[in-house]
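Throughout, numbering of the chain's residues begins at 1 and tracks the sequence.
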Amino acid sequence: MSKRRQLAVKLGERLEGELSDSERDVAWGIARQLIEDTSQAVREELAISLCNRPDLPKELGYMLARDAERVSAAFLAKTPVFKDEELCEIVRVVSNKVRKAIAGRPALETALADLLAQVGDAGVADILITNKGAQIGISGYRAVIDRFGHEPSLLEKMAMRSQLPASLVSELVGYVSEATRIFLEETYEVPKDIAENIAEETESAVLLRLVDAQKNDEAEALLRVMYNKGLLNRTLCLLIARRGNLFAFSTAVSLLTDIPAKNIELVLRQGAANAIEQVCQRAKLPEFAKKEIVERILSSRKSGSGGAAARGAVA
């Protein structure tokens, strides 16, 4: 170990002892010089030595937080110098490697934990979810589900956290394995029939996102594949209508009724409300949903959307 690295270690040890104000000022002056050292190894050693110091001057703390990844991560993993709002500002600008270090801190308040879930990558989310000291809020949990629903192992770990919000348990049931689903049902007393319905609705939501991500020709081909595999049901058809995607809705109804898609699309784009209701009736869509579908389609016309560009236009 170089003399400068040894000095960084001894500085941390010296600060643990009793120092006068003048002696402490001298110590911080030495710390500043080491922070500006050209050797990253020296700065990293200093970060480790100072990361537990609550009395570290904030200016020096920011210098370490903004340093190279290894230095910043070593310091931010433990430092008590920053308030939560300050850590949130830091989280927004640092790399995912540094975010991982922050996600593993012994204690994380909700605002910080939720932000990490919203901006970090899957690796950050994994550390966050397995951190028992992280007070993750509902928005943080939802961010993980929305962003990493394709990562089964991550959602399995989330399902095993204690004291999950009831609404979140319902969402997770549709994503996790049978074994974990049973755990959720028993732990949070979710009735089996409700859990099965949630799983079916979740599958439809995933398929809807797939359709939304395609251009018209690709969406049509995807819907045909879904139909041939028995995945195109009336629940999915209703969800497509709610999105205001007239092309995808026309294609889905055509597959369910054998009516030419171009005829259905013509009715949807130009027909009166009663004509649209007849299309819904032919597709055997739920009676209660007819009025809503008519309103969505008419609204889609007025907005000038309705094709693949209509994705997300209607929540």
Side-chain angles (χ1 to χ4, degrees), residues 4-5 7-9 11-16 24-25 27-148 151 154 157-158 161:
R4 301 282 285 179
R5 289 182 65 185
L7 178 59
V9 173
L11 180 64
E13 295 173 351
R14 185 75 181 91
L15 285 165
E16 293 291 335
R24 195 166 297 276
D25 288 341
W28 295 138
I30 296 172
R32 176 185 292 279
Q33 292 179 23
L34 292 174
I35 289 174
E36 296 173 348
D37 196 286
T38 56
S39 169
Q40 181 176 311
V42 170
R43 302 197 307 276
E44 186 177 352
E45 203 69 60
L46 182 69
I48 295 171
S49 294
L50 300 182
C51 68
N52 291 313
R53 301 299 310 172
D55 55 342
L56 179 71
K58 189 71 66 71
E59 179 189 2
L60 300 184
Y62 273 115
M63 290 174 72
L64 289 169
R66 293 164 179 162
D67 207 318
E69 282 185 341
R70 289 177 62 89
V71 178
S72 178
F75 180 66
L76 291 171
K78 293 182 179 180
T79 181
V81 166
F82 300 115
K83 298 177 182 177
D84 275 5
E85 53 267 31
E86 292 169 330
L87 283 172
C88 284
E89 292 175 0
I90 291 170
V91 162
R92 290 188 177 94
V93 298
V94 294
S95 68
N96 280 311
K97 181 176 180 179
V98 179
R99 288 169 180 160
K100 288 178 183 178
I102 297 173
R105 286 169 66 91
L108 291 174
E109 294 299 323
T110 301
L112 180 57
D114 287 359
L115 179 61
L116 284 163
Q118 292 159 8
V119 302
D121 63 10
V124 174
D126 190 287
I127 293 173
L128 179 68
I129 290 298
T130 54
N131 183 353
K132 294 182 180 180
Q135 298 181 32
I136 307 172
I138 187 66
S139 63
Y141 282 123
R142 290 193 187 283
V144 173
I145 292 177
D146 291 343
R147 300 179 66 219
F148 308 112
E151 300 276 356
L154 186 54
K157 292 174 184 177
M158 181 190 294
R161 283 183 66 89

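If you take CD on Q33 and CG on L7, they are separated by 9.0 Å, rounding to the nearest 0.5 Å. Annotation: the span from L60 atom CG to I35 atom CD1 amounts to 4.5 Å, rounded to 0.5 Å. Taking CG of L64 as the start and CD1 of I48 as the end, the distance is 11.0 Å to the nearest 0.5 Å. In this structure, CG on L112 lies 5.5 Å from CG on D84, to the nearest 0.5 angstrom. In this structure, the separation between CG on L50 and CG on L34 is 8.5 Å, given to the nearest 0.5 Å. Distance CE/M63 to CZ/R43: 10.0 Å, rounded to 0.5 Å.
Looking at R14, its side chain never comes within 3.5 Å of a backbone N or O of A27 through a donor-acceptor pair. A side-chain donor-acceptor contact under 3.5 Å links R99 to the backbone of V119. Judged by distance alone, the side chain of E86 and the main-chain N or O of K83 form a donor-acceptor pair under 3.5 Å. At distances below 3.5 Å, at least one donor-acceptor pair connects side-chain atoms of R147 with backbone N or O atoms of G120.
Contact between A113 and L128 at its shortest, heavy atoms only, is O-CD2, 3.3 Å. Taking every heavy atom of both residues into account, K157 and D126 meet most closely at NZ-OD2, 2.7 Å. Here the closest heavy-atom approach between residue S95 and residue E69 is recorded as OG-OE2, 2.7 Å. Shortest non-hydrogen contact noted between P80 and C51 is CD-O, 3.3 Å. The shortest heavy-atom contact between N96 and V124 is O-CG2, 3.6 Å. Of all the heavy atoms in R5 and V42, the pair that sits closest is CG-CG2, 3.6 Å.
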### Task
Apply side-chain contact (heavy atoms from CB on, under 4.5 Å) to the pair D55 and V81, showing each step before the final yes or no.
CA-CA 7 Å; D55 55 342; V81 166; over 6 Å; no
### Task
Take D114 and Y141 through the side-chain contact (heavy atoms from CB on, under 4.5 Å) test and state the conclusion after the steps.
CA-CA 8 Å; D114 287 359; Y141 282 123; over 6 Å; no
#### Entry: Check against side-chain contact (heavy atoms from CB on, under 4.5 Å), T79 and R105
CA-CA 9 Å; T79 181; R105 286 169 66 91; 3.9 Å; yes
### Task
Please step through side-chain contact (heavy atoms from CB on, under 4.5 Å) for the pair R53 and E16, ending with a clear verdict.
CA-CA 9 Å; R53 301 299 310 172; E16 293 291 335; 3.5 Å; yes
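Of the N and O atoms on the side chains of S72 and D67, not one donor lies less than 3.5 Å from an acceptor on the other residue.
Contact check for P57 versus R32: no side-chain heavy atoms found under the 4.5 Å cut-off. Taking 4.5 Å as the limit, every side-chain heavy atom of T110 sits out of range of all side-chain heavy atoms of I136. Proximity of M158 to I145: side-chain heavy atoms (C-beta onward) are separated by under 4.5 Å at one or more points.
With a 6.0 Å radius and a threshold of 12 heavy atoms from other residues, nucleotides or ligands, R70 has its CZ atom at or below the threshold. More than 12 heavy atoms of other residues, nucleotides or ligands sit less than 6.0 Å from atom NZ of K58.
For residues 50-72, the pairs satisfying ring pair (Phe, Tyr, Trp, His ring centres under 6.0 Å) are Y62-F82, with sequence neighbours left out.
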